[in-house]
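Every heavy atom of this structure was used, including side-chain atoms; hydrogens, water molecules and symmetry mates were not. In what follows, chains are A, B, ... by sequence order, proteins preceding strands, each numbered from 1.
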Amino acid sequence: MNTKNDLILDINNLVVHYETVEGTVQAVNGIDIQVPHKHTLGIVGETGAGKTTTALSILRLIPDPPGIIKGGEIFLEGEDILKISEKKMRKIRGRDVAMIFQDPMTSLNPVHTVGAQIAEVVQLHEGLSRSEAIKRAGETLEMVGIPAERSTEYPHQFSGGMKQRVIIAIALACNPKLLIADEPTTALDVTIQAQALELMKDLRNRLGMSMIMITHDLGIVAEVCDDVAVLYAGRIVESGTVREVFKSTMHPYTEGLFNSLPVINDKGARIKPIPGLMPDPIELPEGCAFHPRCPYAFDKCTKETPELRYFGETHGVACHAYDQTGFKLKRRG
Amino acid sequence: MAKEILRVNNLKKYFKTKRGLLHAVDGINFSIEEGKTLGLVGESGCGKSTTGRLILRLLEPTDGEVLYKGKNVTTANKKEMHELRKEMQIIFQDPFASLNPRKSIYELISEPLRWFKVYDNKAQTLKKVEKLMETVGLAQRLINSYPHELDGGRRQRIGVARALALEPKLIVCDEPVSALDVSIQAQILNLLEDLQKEMGLTYLFITHDLSVVNYFSDDIAVMYLGKLVEKAPSIELFKNPMHPYTQALLSAIPSIDIDNKKERILLKGEISSPINPPEECRFAKRCNYVQDICLKGQPELREVSPGHFLSCAVM
Amino acid sequence: MSKNVTTINDTGSALKKRKKISRSSEIWMRMKSKKSAMIGLIIFSLLILVALSAGFLVDYQDDVVTPNIPERLQGPSMEHPFGTDSIGRDIMSRMIYGARISLGVAFAAVIFQVIVGTLIGAISGFYGGKVDDILMRINDVFASIPNLLLAITIATALGHSIINMIIAIGIAGTPSLVRIVRATVMSVKDQEFVEAGKALGGNDMQIIVSHLIPNCIAPIIVQGTLKIATAILATSSLSFLGIGIKPPTPEWGNMLSGGREFLRNAPYITVIPGLAIVTTILSINLMGDGLRDALDPKLKQ
Amino acid sequence: MSRYIFRRVLQLIPVILGASAIIFFILSYSNQDPVMMLLAGTDPTLEQIEMTRHQLGLDRPIWIQFFSYMGGLVRGDLGVSYSTGREVFKEYMLRFPATLKLAFWALFVSVLISIPIGIVSAIKQYSWFDNFGMTFAMLGVATPNFWLGLMLIILFSVQLGWLPAGGYGGLKFLILPAITLGTGQAGLATRMTRSSMLEVIRQDYIRTARAKGLSEKVVIIKHALKNALIPIVTVLGVQFGHALGGAMITETIFSWPGVGRLMIDGINKYDRPVVIGCVIMLCIMVSVVNLAVDILYAYLDPRIKAGYSK
């Protein structure tokens with residue numbers, strides 16, 4: 001395992017709830033995440049698994065109300081950012097930790113030029129003058145493959161893929177140590193997605209950043225990430241290196257995700273969906289949240305919530321089934 | 001052996017816009033055999049959804065014809081069209097928008113039955129609705145629920161049940177799973193597959209997701225800016241993609257196979273505007289193999305090997 | 001037939017507890033949960049009750065119109081809770097009768113607006129094209145004249161009677177309602193579920209009845225409610241300017257206007273009818289806002 | 001852009017002609033007789049009546065009257081007042097400065113109240129401030145202008161004696177009418193500001209701005225407000241345009257010698273040329289303000305600007 005000093009990000013037992021009229025939405029229920037320097041962690045899960053909430057917690061941007069960080073610690077290079085002042089936190093946002101959001105169509109302010117939107121962040125964090133900042137904005141645009149002249153244009157003059165490049169430019173303008181990308185390519189077409197992923201990989205390597213890639217697409221994880229954490233109902237059910245999780249899958253839910261995917265090279269392999277639906281986060285089932293959909297569930301699963309336990313250095317899985325000796329998943333072909 | 005159920009001849013749809021004529025669908029030809037699935041693949045704005053709507057005549061085509069079992073759909077009169085609606089149905093992409101929020105599940109599913117006066121009494125209609133709900137895997141107790149009370153997967157099941165109500169032969173599936181999560185997507189895909197087997201349905205499966213379309217279709221047609229660029233049996237298309245666009249599209253799918261990393265073909269630029277497109281091949285601006293001949297126009301779709309059609313002057 | 005098909009087994013979803021509730025009681029429940037809307041509803045219901053029972057509460061000849069000079073300009077007291085006016089009539093009695101006039105005119109005018117506005121707006125929105133162009137150009141011309149001015153002109157031309165007031169205010173408020181109905185119809189018409197209905201073989205009539213009307217009715221109800229407030233304001237404004245309902249018929253606006261000469265010695269003559277107007281309009285607006293939230297099924301989550 | 005303005009001005013012409021025609025016919029089919037109004041109190045002979053009628057041209061068939069009036073209108077002639085015999089346009093311009101002054105200061109009051117309250121209410125949704133702000137706005141919408149004006153007179157003129165109850169003059173005379181008209185407008189504008197801000201602060205780009213590390217003040221003023229302004233400017237523009245056309249009620253209460261009074265007097269005397277003249281001027285005022293608002297949109301939102309140049 002990594003020692004504390006190697007980690008850029010170390011999240012311990014994070015709990016985030018949303019207090020709504022209908023009840024408490026248990027969005028994140030005790031998550032541990034470690035990201036070493038210059039590593040890329042993929043966070044995978046379906047709608048409502050708590051991916052975005054986790055990401056926003058790292059920037060302390062959970063909308064409050066209704067969201068509350070109920071507990072846990074988030075160490076950014078050794079400092080617990082849940083304990084610092086809002087003023088200090090603002091210095092971290094955009095400078096040390098930057099974020100790329102899902103929808104490029106709505107994530108840029110329509111009434112400011114793209115140049116101004118990039119310049120704003122460098123001006124704020126690096127104390128540059130207005131003209132220096134605008135020059136930097138142009139350079140940053142070039143870096144993501146957009147001619148600097150276009151910095152005086154407005155977002156509506158850019159196509160979807162170009163807008164996402166602008167968003168990447170804003171995020172990278174101050175050379176952040178950690179980049180959080182929340183489904184950065186979901187809204188894009190396949191060929192444009194390929195361009196954006198290629199660009200992000202390239203810049204990450206060049207700038208030596210750490211990255212968290214949030215996605216529902218296992219293919220993207222395989223292409224971009226070193227490590228992966230699988231989220232279900234606000235908990236990590238399996239984590240490890242991409243090889244460990246993809247090649248020796250241990251959790252029944254991860255198995256279900258893989259089995260749900262059509263295999264592109266084998267047309268004959270029938271998909272095997274996970275039965276049932278995601279649980280309502282207001283009324284999570286007792287015990288393991290996955291047990292109502294799990295083909296291997298037994299008594300204990302309905303009563304006790306499984307903790308993440310490690311098989312080897314890095315491969316963790318939260319599942320009771322491994323109490324039974326000789327348990328093995330039946331992964332499709 | 002199998003007979004043709006749908007044929008599309010030189011189908012065109014142009015929309016008038018402020019900036020000029022938008023060539024949404026620009027002269028496409030294909031046919032589907034009974035009981036088979038044709039996948040229609042392309043990126044946003046390529047005209048695939050418009051094609052689906054033209055086939056059902058939810059839009060009036062600018063030119064060309066749609067033949068359903070030899071009958072011309074595009075010239076059918078009101079009464080003939082009404083009869084044809086029983087045969088051809090559609091499942092929409094967005095299960096939020098395509099269900100009237102003020103109608104209960106019973107009302108939604110029974111609507112076509114009532115409109116076509118399939119049964120003379122309510123008890124029979126109710127029985128049919130219950131049966132349809134069972135068929136698509138909706139619990140009976142939800143019969144009086146409203147769409148907004150349900151999740152996306154269940155809502156899409158309502159959409160499927162409605163499409164099945166009149167026992168059609170052909171169903172246009174317009175991105176039926178792209179709004180859904182992976183595990184729910186798999187449930188709906190399996191449902192559609194089972195239904196096809198049991199009822200002998202024919203599908204036109206419109207999607208942007210290549211892995212889904214490969215799994216689901218017998219044949220695949222690839223669309224780019226209103227034109228078909230390649231069409232082949234899906235196994236052949238995936239093994240031997242010939243059009244530069246198809247090749248790039250296939251290589252762009254993120255693969256979960258971490259041991260066999262493939263070389264990715266990156267395209268330049270983005271999809272160009274479908275408004276007043278120039279005479280040249282629609283893909284010329286982004287193509288890595290573009291030559292002078294490509295600027296003269298887009299070649300017709302021609303058969304390069306049995307069942308494999310291609311529209312490219314270079315390959 | 002469905003043996004291969006996986007039926008969803010439910011996983012702790014909140015749906016389990018759901019019993020069948022009818023839509024109207026659901027709307028009522030949502031309305032009830034909003035305090036301000038309920039306050040509005042209660043006040044407004046009381047006002048209607050007072051207006052309806054005005055004939056039982058006071059005698060029109062004796063209490064409302066006959067002057068009683070010896071008792072003129074008396075401040076509020078046990079006998080005259082709201083005091084008396086410049087010719088000694090009991091203000092409370094006149095207020096009660098005035099409620100009947102103000103609310104009656106407003107209701108009638110709004111019914112006129114809703115019928116005419118819905119008809120024109122719906123035709124325009126549904127058919128579009130040339131029909132829409134022509135109707136909207138005419139509507140634009142009417143809309144270009146401010147409500148109050150149009151109402152004043154019509155009322156002046158027709159003369160001062162209750163019926164003419166209803167016509168004047170009804171016509172003046174119609175153009176804006178036409179626009180709202182048209183916009184609603186057009187937005188509903190473009191929804192995918194209307195296309196879905198077409199695909200399922202519904203003809204024009206079936207789609208209008210099944211999809212268009214149910215989705216347009218809620219906004220029309222809400223707008224109609226809010227329009228009652230506007231109409232009350234217009235009625236009293238016209239009467240205040242001396243163009244609407246003339247004394248001795250009591251109407252809140254003309255009562256208030258009648259107190260203008262006595263602002264120094266008897267301000268209550270002006271204050272009290274004004275408070276009544278504010279309360280009424282406030283209650284209607286609160287109710288209308290609540291109704292809007294309650295009728296929107298998408299807001300439920 | 002200039003082509004856009006030209007097109008808009010062209011579109012205005014049929015609207016003005018239509019509105020004039022509507023008012024013309026409404027007043028013409030009245031059962032009241034302007035001649036009798038004019039000669040009221042003079043006990044005229046039948047001959048006098050006929051002569052006046054002939055002088056005013058009212059003995060001609062209605063269609064002739066209509067086309068003759070419209071003909072004048074096209075040449076820019078608003079006609080002559082029945083009651084004073086003066087040119088309507090001159091009468092109007094005499095009154096207009098007072099109306100302009102009132103409309104401007106009312107707008108000032110309205111902006112000063114509505115925008116700050118609306119913004120803070122939106123940021124602190126459901127707080128006590130929000131409740132207070134929205135109660136104020138609700139009251140603003142529900143309070144009739146004529147009553148508010150009279151209440152202010154009772155308080156500040158009658159009881160406290162600080163300000164005059166009416167008349168035209170310096171700032172002293174302006175305060176009460178401007179507050180009456182302005183707070184009335186502020187009710188709606190406050191609600192609009194709040195709802196527009198609430199809509200905008202939910203947008204993704206506001207989250208992007210926060211993720212940059214910007215302070216809340218910068219996020220609200222620089223990123224949210226500019227986006228929220230369009231519906232607010234629309235409401236303020238409509239209100240300003242109507243006030244420019246004459247705040248009939250406020251002007252009546254405070255004996256403010258503006259075009260609103262001119263209009264009311266004209267209506268009461270069945271002075272058709274005056275009323276139609278005022279309506280035409282009002283339509284022009286409203287349209288000029290609308291056009292100004294549209295041009296302001298282009299400044300606020302580059303997408304709209306791009307739309308104009310097409």
Where is the tightest heavy-atom contact between Ser183(B) and Arg293(A), given as atom of each residue plus distance?
-> OG-NH2, 3.2 Å

Which heavy-atom pair separates Leu277(A) from Ile184(B) by the least distance, and what is that distance?
-> CD2-CD1, 3.6 Å

Crowding at OH, Tyr289(B) (>12 non-hydrogen neighbours, <6.0 Å) = no

Residue Lys201(A) excluded, over 12 heavy atoms near NZ under 6.0 Å =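 Yes, because the 6.0 Å sphere around NZ of Lys201(A) holds more than 12 heavy atoms from other groups.
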
[atom1]/[X] to [atom2]/[Y] distance, rounded to the nearest 0.5 angstrom?
X: Ser255(B); Y: Ile220(A); atom1: OG; atom2: CD1; result: 12.0 Å
X: Ile192(A); Y: Leu267(B); atom1: CD1; atom2: CG; result: 7.5 Å
X: Thr241(A); Y: Ile258(B); atom1: OG1; atom2: CD1; result: 7.5 Å
X: Ile256(B); Y: Glu223(A); atom1: CD1; atom2: CD; result: 11.0 Å
X: Asp217(A); Y: Ile253(B); atom1: CG; atom2: CD1; result: 10.5 Å

Could you look at [X] and say if it's the side chain, the backbone, both or neither that has a heavy atom under 4.5 Å from chain A?
X: Lys268(B); answer: backbone
X: Ile188(B); answer: neither
X: Leu266(B); answer: side chain

Whether the side chain of [X] engages the backbone of [Y] through a donor-acceptor N/O pair (distance < 3.5 Å, no angle test) should be reported.
X: Asn190(B); Y: Ile271(A); value: yes
X: Asp181(B); Y: Glu46(A); value: no
X: Gln193(A); Y: Ala252(B); value: no

Any side-chain donor near an acceptor of the partner, Gln185(B) and Ser260(A), under 3.5 Å =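 No, no side-chain donor-acceptor pair sits under 3.5 Å.
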
Between the side chains of Thr191(A) and Glu43(B), does any donor sit under 3.5 Å from an acceptor?
->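 Distance-only check passes for Thr191(A) and Glu43(B).
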
Given the options Gly160(A), Ser159(A), Gly48(A), which has more heavy-atom pairs under 4.5 Å with chain B than any of the others?
->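 Result: the option with the highest number of such pairs is Ser159(A).
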
Checking Gln195(A) against chain B: side chain, backbone, both or neither under 4.5 Å from a heavy atom?
-> both

